[in-house]
Amino acid sequence: MKILVAIKQVPVRDSPLRVNAAGNWIAEDDLSFEINEPDAYALEEALQLKEKHSGEVIAICAGPARAQQTIREALAKGADRAIHIETGNLAAFDTLGIAKLLAAEAGSESPDLILTGLQSDDLGYGQTGVVLAELMGLPHSTIIMQVEVKGSAIRVKRELEDGWFQHISMPLPAVLTIQSGINKLRYATLMGIKKAKTKEIRRVSAAAPAEPTVRIEKIYAPQKAKQAQIFSGDPKTAAAALVEKLKFEARVL
Amino acid sequence: MKVLAILEHNAGRLHRMSWECLAAVQQLASEAEAALVGSSIAELAREAAAKQAARVWAVEHPLLENYTADGYTAALEQLLRKTTPDLVLLPHTYQTRDFAPKLATRFGRALISDAIAAGPESGSVTFVRQFFQGKLSGDVRAAGPGPHFASLQAGAWRTDALAAGSATIERFAPQLDAAQIRQTPEAPFREAERAVDLTAAELIVSVGRGIGEKDRIPVVEDLAKALGAELAASRPICDAGWLPMERQVGSSGQTVSPKLYLAVGISGAIQHLVGMKGSKTIVAINKDANAPIFEVADYGIVGDLFEVVPALAAEIRKVKS
């Protein structure tokens, strides 16, 4: 079974974020980056499916040169090889543009299954996998918590709202977007890290971006719905002040 | 501007977010329309048509009885080619997330997903949405000719502004073929009866990623005990198996509105906020003063939870004794 996993590199969780000079994205110079968390679960699912059904796992990533570190980490965890679609200007593409870059490379691999995280932690549009499926003419399902391979088809468990689930079957090849928590993430082993250095990363230059259909005009700190009363001082003083408010102002104690 | 709302329904009822979506359409459109997709939906169409709109489209076909991404996309593509709206709005539900990006792609557009407000300028298709899990907001503009597509976050538009009226109901029968629909859905199910009903709790103490390790959960558990509160968690805690899934609050877990919701080490990603922002009083304890949880909190302490939480438990025991 040939499985393609689309991964994205995003700023490390809890990074301090500053708006850039143009006011339309964050300043990236001082940030560290890591794999988008839902994509880490998609990668893990691909590795587990390969262990069960044999085959090959290929990581695919669109991003600048720094994304290579995240790609190496995917190889260290067990991906067999990788495709890096290099672009210094990821922000010039909308989700449709990114999916087109991925579709062009994914198509030439003819995978049986394509997995990706259900959304990215930075943009959070939650569309890339679905758009990729549409561009490639493949069936898809989203927010997946379990994957069973049944010959030339799959049966997946899709998460619905409020604790409901649903099983859905579809023929392969197909595209799935994976929900965080579907499996337990593995760490790369020392052997894996060593092996990763010799694994192939095929680099291709991204096609020039088309005129985006959706554009971020401006990024800014969110407006607060409420003005929270913040208690400062040492923990004991702050806790006592909070308890006072909970008892006499909010009247919940 | 001609704006169309795609309304969602489950088990014979319109989804509450459908009404929010229709309220947004009434606000933004000079010509408002709504569409419902299904197999026998005359009753639901009548319910929707009691609101102010030019018309309600009942998109009906036996193959649309159960939701599938392929079926809905094919049917709605045909409707949109006929009605040519400038803008299509959908509630940002799990179902919309499954098919709306596919539908937008059919028209060479990207969906503006999870929008929280329209604007800032009228006359253009611009929406405000959150980035970095709510840490930043941004104005996103759709360029070029319509139809444009946007999905709306739960609770972002209010239904109290929804105007009553009497819309014309028009039936639309799409051309569908069973071979086009590749997904075969089974009946929805719940894993097990919930042993813990958080929705009934008056006081909730909830723990998030900030706790760091499973072994440290008892620190927060002790605060819950001091308060006489139910213990809950954000999704990552349940994903890691540190607390059972039935204690999860958020879009994929339970939606709660207790008298007091005390969030410990929870940054406040939108998936969590939608599950608890209706709480009467919200308290946040977090080391990051810029965490989005403080935007919905009434009271907060910025600091190390391992110092603050035991101190708070001690103070609560003091006033309660």
Side-chain angles (χ1 to χ4, degrees), chain A residues 14 17 94-96 121-127 130-131 133-135 139-143 159-171 180-181 211-222 224-226 228-232 235-236 238-240 242-243 245-247 250 252-253, chain B residues 69-70 93-94 97-98 101-102 105 108-114 130-144 182-186 188-191 203 235 239 251-253 259-260 281 283-284 288 292 294-303 307-308 311-312 315-316 319:
Chain A
D14 297 330
L17 302 174
D94 59 12
T95 41
L96 183 59
D121 285 342
D122 53 358
L123 288 167
Y125 282 117
Q127 300 181 47
V130 180
V131 177
E134 170 64 16
L135 293 174
H140 78 273
S141 193
T142 53
I143 322 185
E159 190 180 290
L160 308 175
E161 281 135 345
D162 297 324
W164 289 83
F165 297 92
Q166 181 177 38
H167 283 110
I168 296 169
S169 298
M170 73 197 83
S180 292
E211 192 59 29
T213 67
V214 158
R215 192 197 307 270
I216 300 172
E217 303 255 285
K218 196 174 146 202
I219 290 271
Y220 46 90
K224 298 188 179 205
K226 291 180 186 172
Q229 293 186 47
I230 304 287
F231 305 102
S232 46
K236 191 176 180 310
L242 172 60
V243 168
K245 289 284 182 186
L246 291 180
K247 193 171 160 76
V252 289
L253 288 185
Chain B
D70 283 349
T93 58
Y94 279 32
R97 289 160 74 175
D98 197 56
K102 183 178 173 75
T105 304
R109 301 276 153 229
L111 168 75
I112 299 177
S113 54
D114 211 9
Q130 296 168 308
F131 292 91
F132 293 94
Q133 312 229 319
K135 288 183 195 124
L136 292 171
S137 290
D139 300 340
V140 180
R141 180 200 285 265
R182 296 163 293 183
Q183 297 95 349
T184 311
E186 297 171 35
F189 64 96
R190 267 191 163 150
E191 296 278 70
L203 308 172
R235 178 162 190 127
D239 279 348
S251 56
S252 52
K259 272 189 352 196
L260 173 67
T281 299
V283 177
D288 177 7
F294 287 113
E295 282 153 39
V296 298
D298 300 281
Y299 306 106
I301 297 179
V302 179
E307 292 176 8
V308 174
L312 186 57
E315 288 299 322
I316 287 165
V319 300

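Chain A is the first sequence line, chain B the second, and so forth, proteins listed ahead of strands; every chain is numbered from 1. Side-chain atoms are counted along with the backbone in the values below, which use heavy atoms only and exclude waters and symmetry mates.
- In this structure, the portions of D98(B) lying under 4.5 Å from any heavy atom of chain A include both its backbone and its side chain.
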Run H140(A) and Q183(B) through side chain to side chain contact (heavy atoms under 4.5 Å, CB included) and show every step you take. CA-CA 8 Å; H140(A) 78 273; Q183(B) 297 95 349; 4.2 Å; yes
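- Contact annotation: the side chain of L123(A) approaches that of I216(A) to within less than 4.5 Å [non-hydrogen atoms, C-beta and beyond].
- The choice from P139(A), G181(A), S232(A) that makes the most heavy-atom pairs within less than 4.5 Å of chain B is P139(A).
- Of the residues considered (D122(A), L246(A), I143(A)), D122(A) shows the highest number of contacts with chain B, using heavy-atom pairs under 4.5 Å.
- Interface check for chain A: of the options G144(B), G300(B), G138(B), P188(B), the most heavy-atom pairs under 4.5 Å are formed by G300(B).
- Highest contact tally toward chain B, considering only M170(A), H167(A), K218(A), is held by H167(A) [criterion: heavy-atom pairs under 4.5 Å].
- Annotation: the span from I112(B) atom CD1 to Q127(A) atom CD amounts to 9.5 Å, rounded to 0.5 Å.
- In this structure, the portions of L160(A) lying under 4.5 Å from any heavy atom of chain B include both its backbone and its side chain.
- When all heavy atoms of S251(B) and Y94(B) are compared, the closest pair comes out as OG-OH, 3.4 Å.
- The line from CG of D114(B) to CZ of F131(B) is 10.5 Å long, rounded to the nearest 0.5 Å.
- Using a 3.5 Å distance cut-off with no hydrogens or angles, the side chains of D94(A) and T213(A) do pair a donor with an acceptor.
- Taken from CG in L96(A) to OH in Y125(A), the straight-line distance is 12.5 Å, to the nearest 0.5 Å.
- Chain B forms the most heavy-atom pairs under 4.5 Å with one residue out of D121(A), L253(A), V131(A), T95(A), and that residue is D121(A).
- Taking T93(B), L203(B), D70(B), L111(B) one by one and counting their heavy-atom pairs under 4.5 Å with chain A, the maximum is reached by L111(B).
- Residue contact with chain A, scored on non-hydrogen atoms closer than 4.5 Å, involves the backbone and the side chain of D298(B) alike.
- Residue L17(A) touches chain B through its side chain alone, counting heavy-atom pairs closer than 4.5 Å.
- In this structure, a donor-acceptor pair under 3.5 Å is present between the side chains of S252(B) and R235(B).
- When each of S180(A), G124(A), G126(A), P171(A) is checked for heavy-atom pairs under 4.5 Å with chain B, S180(A) comes out on top.
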